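Have a look at the structure below, then the notes.
We use all heavy atoms of the structure for the numbers below, so side chains are in, but hydrogens, waters and symmetry mates are not. Please read these numbers as outputs of a predicted model, since none were measured by experiment.
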Amino acid sequence: MQGKGIKLRHSLLAGLYFFFNSVGLKGGLLYTNLLTPFFYFWLLFKKKQPVLYPFFFFLIPFDVIHLFLGVDLKTFLVSNLLFLSTYIFVATFSYFITHYDIRPVMKQLLVFNFILTLLAIPLYFTPWKELVWYVNNFTLSVKELSRLSLFTFESSYYALLFVPVAFYYLLKVFFRQNKTAAFVILLMVALPLLLSLSLGVLAAMLLTFISLFVLDYKKILYRENYFFTISGSVALCCVVLLVLFIFYPDNPVFVRVANILQGNDSSARGRIADSFSVAWRVAGERSIWFGAGLGQVKILVYDIVKKYFNHWGEMEVYRIPNSVAETLAIFGITGIVLRFSLIFYLFFKTRVLSNYYRTALFIFIFIYQFTGSFITNIAEYVIWALAFSHVFPQYNLQVPEPKTTHDE
């Protein structure tokens with residue numbers, strides 16, 4: 001009975017994180033932020049030792065430097081609290097996936113997400129569609145396109161949340177661990193991602209699978225099961241693209257890809273090139289080596305964009321939509337060096353390449369961090385945590401090919 005109660009709490013927390021974390025809240029606040037005291041004391045009780053020493057060891061020197069250089073105190077303090085909340089959540093999640101079996105949660109998220117996706121489709125044709133569909137300007141000449149976001153604040157964030165579940169089940173199909181349900185699994189994974197139309201997430205996923213192929217091409221080419229799975233998937237994608245090219249060449253995806261290749265897509269340009277340009281100048285306003293400090297981007301970015309990018313008028317968003325660039329703006333070159341030093345240290349220490357699932361997540365999020373996200377994005381940190389954990393040993397390279405089993 002106690003075990004069932006624990007599993008129910010796990011399911012409820014996973015559902016809150018994935019589906020309802022921002023419902024009814026404003027200003028980027030999440031329910032996981034409000035639950036920070038609960039997570040902290042739970043983690044303290046479980047680990048029986050302090051959990052904040054690494055965080056303060058990193059942050060306090062930067063905070064002292066930023067206070068000396070000058071900050072807007074209110075935004076600085078609020079952002080420090082938000083950063084602390086993010087750390088506590090990620091530390092809690094890391095402990096959780098190390099000590100508990102999360103396979104049942106993965107299945108629950110897949111199934112419930114697919115049910116909500118099916119319910120969202122008819123809502124698209126009603127006045128209430130903005131409850132679960134994100135309506136924005138998709139690209140130049142494609143205005144007010146509706147993209148699936150369910151109850152999150154935008155579609156790209158929703159797609160990023162779904163990536164760990166998607167990779168878990170795509171690899172299950174790839175390794176043919178469940179032949180009878182392969183089509184159903186692919187539908188449950190692909191439909192929400194395609195309806196989100198998050199090209200950044202989809203492109204990073206495509207590059208991830210290409211990278212996995214390159215890293216292990218001999219096994220894929222010379223093992224019949226893998227070869228037919230890959231070749232069948234590639235053939236299906238080619239057929240879909242060909243049909244779209246013939247019957248619907250002006251579809252929004254083709255238009256946006258063309259705009260990106262021509263440099264005419266403001267979103268792609270803003271997330272990549274412009275983000276680093278702005279971040280460099282924001283950091284330079286205080287210290288290029290140590291950055292401007294937490295919360296200071298929203299204070300400095302407006303004047304910088306107006307001055308260097310000839311933008312005049314109101315700006316609705318006061319942030320840098322790229323986590324690497326935002327690291328540069330907040331913590332400077334020193335922060336960038338520390339960020340990638342930690343990433344590569346954990347990559348080798350945890351032997352990421354020993355597991356297909358963790359390798360896939362690492363490649364994906366390593367690419368994606370240069371194209372989007374933000375420094376307190378818990379969806380990004382969840383992917384990093386999974387990549388550096390020892391979850392799902394069934395995807396270890398040294399484990400023999402599993403036989404067909406019932407889905408987990």
* Is it true that atom CD of Gln49 has more than 12 heavy atoms of other residues, nucleotides or ligands lying nearer than 6.0 Å? -> yes
* Hey, what do you get for CD1 (Ile88) to CG (Leu43), rounding to the nearest 0.5 Å? -> 8.5 Å
* **Heavy-atom donor-acceptor pair, Trp128 side chain to Leu123 backbone, under 3.5 Å** => no
* Asked: Taking His10 for the side chain and Ile102 for the main chain, is one N or O donor matched with an acceptor at less than 3.5 Å?
  -> no
* Structure fact -> Hits for salt bridge (charged side-chain N to carboxylate O under 4.0 Å, His left out) against Asp101, two or more places apart or cross-chain, chain-then-number order -> Arg103
* Above 12 or not: heavy atoms from other molecules or residues under 6.0 Å from CZ of Phe344? -> yes
* Asked: Out of Phe93, Phe96, Tyr95, which one pairs with Trp42 under the ring-ring contact (aromatic ring centres under 6.0 Å, His included) rule?
  -> Tyr95
* To do: Fit a plane to each ring of Phe209 and Phe167, take the angle between them on a 0 to 90° scale, and name the class: parallel (under 30°), tilted (30 to 60°) or perpendicular (over 60°).
  => tilted
* Between Phe89 and Tyr381, is the ring centre distance below 6.0 Å? -> no
* Are the side chain of Thr359 and the backbone of Val352 linked by a donor-acceptor contact shorter than 3.5 Å? -> yes
* Can you tell me if Gln296 uses its side chain to pair, donor with acceptor, with the backbone of Asp72 under 3.5 Å? -> yes
* Asked: Between Phe151 and Phe19, is the gap from one ring center to the other below 6.0 Å?
  -> no
* Got a donor-acceptor contact below 3.5 angstrom from the Asn80 side chain to the Leu294 backbone? -> no
* To do: List the steps, then state whether side-chain contact (heavy atoms from CB on, under 4.5 Å) holds for Leu170 with Leu186.
  => CA-CA 7 Å; Leu170 287 174; Leu186 285 175; 3.7 Å; yes
* Mind telling me whether Phe331 and Phe62 have parallel, tilted or perpendicular rings, with 30° and 60° as the class edges? => perpendicular
* Asked: Between Tyr395 and Lys172, is there a donor-acceptor pair closer than 3.5 Å when you use the side chain of the first and the backbone of the second?
  -> yes
* Shortest non-hydrogen separation from Ala120 to Val132 and the atoms involved -> CB-CG2, 3.8 Å
* Anything under 30° is parallel, anything over 60° is perpendicular, the rest tilted; go ahead and classify Tyr357 against Tyr168. => perpendicular
* Straight-line distance of Leu150 CG to Leu131 CG, nearest 0.5 Å -> 11.0 Å
* Asked: If you measure from OG1 on Thr208 to OH on Tyr368, what distance do you get to the nearest 0.5 Å?
  -> 12.5 Å
* CG of Leu161 to CG of Asn377: how many Å apart, nearest 0.5 Å? -> 7.5 Å
* To do: Apply side-chain contact (heavy atoms from CB on, under 4.5 Å) to the pair Trp133 and Leu148, showing each step before the final yes or no.
  => CA-CA 5 Å; Trp133 293 84; Leu148 184 67; 4.0 Å; yes
* Apply side-chain contact (heavy atoms from CB on, under 4.5 Å) to Leu34 and Leu29, showing your working. => CA-CA 8 Å; Leu34 300 178; Leu29 189 65; 3.9 Å; yes
* To do: Would you sort out whether Asp63 and Phe76 count as a side-chain contact (heavy atoms from CB on, under 4.5 Å), showing the intermediate values?
  => CA-CA 9 Å; Asp63 275 355; Phe76 181 72; 3.2 Å; yes
List, one per line, each side-chain donor-acceptor pair under 3.5 Å for residues 187-202, sequence neighbours excluded.
| from | atom 1 | to | atom 2 | distance (Å) |
| --- | --- | --- | --- | --- |
| Ser196 | OG | Leu193 | O | 2.6 |
| Ser196 | OG | Ser198 | N | 3.4 |
| Ser198 | OG | Ser156 | OG | 3.4 |

* By salt bridge (charged side-chain N to carboxylate O under 4.0 Å, His left out), which residues pair with Arg271, not counting sequence neighbours? -> none
* Asked: Looking at CZ of Phe20 and CG of Leu12, how far apart are the two atoms once the value is rounded to the nearest 0.5 Å?
  -> 10.5 Å
* Run the ring-centre check on Trp384 versus Phe388 and record whether the distance is less than 6.0 Å. => yes
* To do: For the residue pair Phe347 and Phe362, categorise the inter-ring angle as parallel (less than 30°), tilted (30 to 60°) or perpendicular (more than 60°).
  => tilted
* Which pairs, with at least one residue in residues 357-369 and sequence neighbours excluded, count as a salt bridge (charged side-chain N to carboxylate O under 4.0 Å, His left out)? -> none
* **Check: Phe112 ring centroid to Phe18 ring centroid under 6.0 Å** => no
* Check: Phe392 main-chain N/O paired with Asn355 side-chain donor or acceptor under 3.5 Å -> yes
* Asked: Between Ser341 and Val337, is there a donor-acceptor pair closer than 3.5 Å when you use the side chain of the first and the backbone of the second?
  -> yes
* Measure the spacing between CZ of Arg281 and CG of Asp303 and express it to the nearest 0.5 Å. => 14.0 Å
* salt bridge (charged side-chain N to carboxylate O under 4.0 Å, His left out) contacts in which one or both residues fall within residues 361-389, not counting sequence neighbours -> Arg339-Glu380
* Structure fact -> Given the options Ile363, Ile367, Leu212, Leu207 meets side chain to side chain contact (heavy atoms under 4.5 Å, CB included) only with Ile367
* Can you name the nearest heavy-atom pair linking Ile304 to Glu285, along with the distance? -> CD1-CG, 3.7 Å
* Name of the residue among Leu118, Leu116, Val111 meeting side chain to side chain contact (heavy atoms under 4.5 Å, CB included) with Phe114 -> Leu118
* Asked: So which pairs with a foot in residues 367-379 pass salt bridge (charged side-chain N to carboxylate O under 4.0 Å, His left out), sequence neighbours left out?
  -> none
* Asked: Looking only at side chains, do Thr75 and Lys298 share a donor and an acceptor under 3.5 Å apart?
  -> no
* To do: Using the six-membered ring wherever Trp is involved, compare the ring planes of Phe366 and Phe340 and label them parallel, tilted or perpendicular (cut-offs 30° and 60°).
  => perpendicular
* Asked: Short question: side chain of Ser277, backbone of Ala273 - any donor-acceptor pair under 3.5 Å?
  -> no
* Please determine if Lys48 forms a cation-pi arrangement with Phe45, meaning its NZ or CZ atom is less than 6.0 Å from the six-membered ring centre and no more than 45° off the ring axis. => yes
* Asked: Do Asn137 side-chain atoms and Glu144 backbone N/O form a donor-acceptor pair below 3.5 Å?
  -> yes
